[in-house]
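Let me begin by presenting the structure, written as structure tokens, before commenting on it.
Reckoned from all heavy atoms, side chains included, excluding hydrogens, waters and symmetry mates.
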Amino acid sequence: MLKLIRMVDRLSTFVGQAFAWLIVVLTVHICWEVTARYVFNTPSAWAFDLQLMYYGVLFMMAGAYTLAKNGHVRGDILYGFLPPRVQATLDIVLYIAFFIPGVVALVWAGWYYAGESIAIREHSSLMADGPPIYPFKAFIPIAGAFLLLQGLAEIARCALCLRQGKWPSREEDVEEVDVDKLKELVQVKDEDIAELDRYVVDEEKAK
């Protein structure tokens with residue numbers, strides 16, 4: 001079961017990291033639009049709509065990736081103090097009661113909206129000649145399917161925790177900077193930092 005969970009984790013990670021490049025596309029597009037508008041006086045009528053679609057696709061396709069890395073925000077003031085088996089029990093109940101029905105509804109509704117949008121070749125209504133938005137809507141059921149698959153993997157992870165009494169490890173990924181690890185890498189001691197602080201204070205007093 002753990003191998004299957006890891007396979008789903010790797011798939012979600014690959015998809016999330018691939019679509020993360022839309023940040024670069026979005027940044028370049030915004031920079032170009034600003035330059036075109038204020039330097040060449042040739043703004044694009046589609047700029048705002050395309051930027052929304054870039055960000056929307058990125059946001060949707062990163063959902064499964066974030067779930068795979070346990071990165072979604074949760075109210076865990078008490079949750080973090082509970083034993084792993086109790087945590088897993090709560091997670092399974094919440095996944096089955098809320099997550100699965102909600103994501104299935106997302107996929108179902110997304111499939112309907114995307115199909116209708118593709119059928120009529122829907123374009124943005126913010127302007128007379130707006131950009132096509134049916135490619136954007138097509139990502140709704142796709143993102144929902146990836147999220148549902150990862151949710152099933154999380155339920156399996158909870159089942160393993162109930163059986164083993166501890167959470168299965170997750171694959172390492174990008175992390176926030178750990179100050180203690182950073183100090184170890186550059187071999188900086190707390191005494192050195194304190195000495196530097198005293199030196200700065202003395203210099204300020206001397207002024």
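When all heavy atoms of Y65 and Q17 are compared, the pair lying nearest together is CE1-CG, 4.2 Å. Nearest heavy-atom pair, R163 versus R85, reported as atom, atom and distance to 0.1 Å: O-NH2, 3.4 Å. Contact record, E154 with A68: OE2-CA, 4.1 Å, taken as the closest heavy-atom pair. Nearest heavy-atom pair, A153 versus V8, reported as atom, atom and distance to 0.1 Å: CB-CG1, 3.7 Å. When all heavy atoms are compared, the tightest approach of V107 to P141 is O-CB, 3.9 Å.
A 4.5 Å side-chain heavy-atom check between L26 and L58 finds every atom pair outside the cut-off. The shortest side-chain heavy-atom distance between L67 and F99 falls under the 4.5 Å cut-off. Taking the side chain as every heavy atom from C-beta outward, M61 and I142 approach each other to under 4.5 Å. With contacts defined as side-chain heavy-atom distances shorter than 4.5 Å, the pair P132/M53 does not qualify. In this structure the side chain of L160 reaches within 4.5 angstrom of the side chain of L2, judged on heavy atoms.
Through chains of ILVMFWY side-chain contacts below 4.5 Å, V28 is grouped with W21, V24.
In the model, K69 has no side-chain atom that pairs as donor or acceptor with a side-chain atom of S12 under 3.5 Å.
Between F40 and W32, the ring planes lie tilted relative to each other; the angle falls in the 30° to 60° range.
No continuous path of hydrophobic side-chain contacts links L147 to Y113 [ILVMFWY only; heavy atoms under 4.5 Å].
Between the side chain of T66 and the backbone N or O of A62 there is at least one donor-acceptor pair closer than 3.5 Å.
Taking the ring centroids of F19 and F146, they lie at or beyond the 6.0 Å cut-off.
Partners of W167 according to the side chain to side chain contact (heavy atoms under 4.5 Å, CB included) rule, which considers only residues two or more places apart in sequence or in another chain, are Y79, P84, Q87, A88, D91, R157, C158, C161.
The number of heavy-atom neighbours closer than 6.0 Å to OH of Y95, taken from other residues, nucleotides and ligands shown, is above 12. The 12-atom threshold is exceeded at CD1 of I120, counting heavy atoms of other residues, nucleotides or ligands nearer than 6.0 Å.
Applying the salt bridge (charged side-chain N to carboxylate O under 4.0 Å, His left out) test to every pair with at least one member in residues 95-121, sequence neighbours left out, gives no pairs at all.
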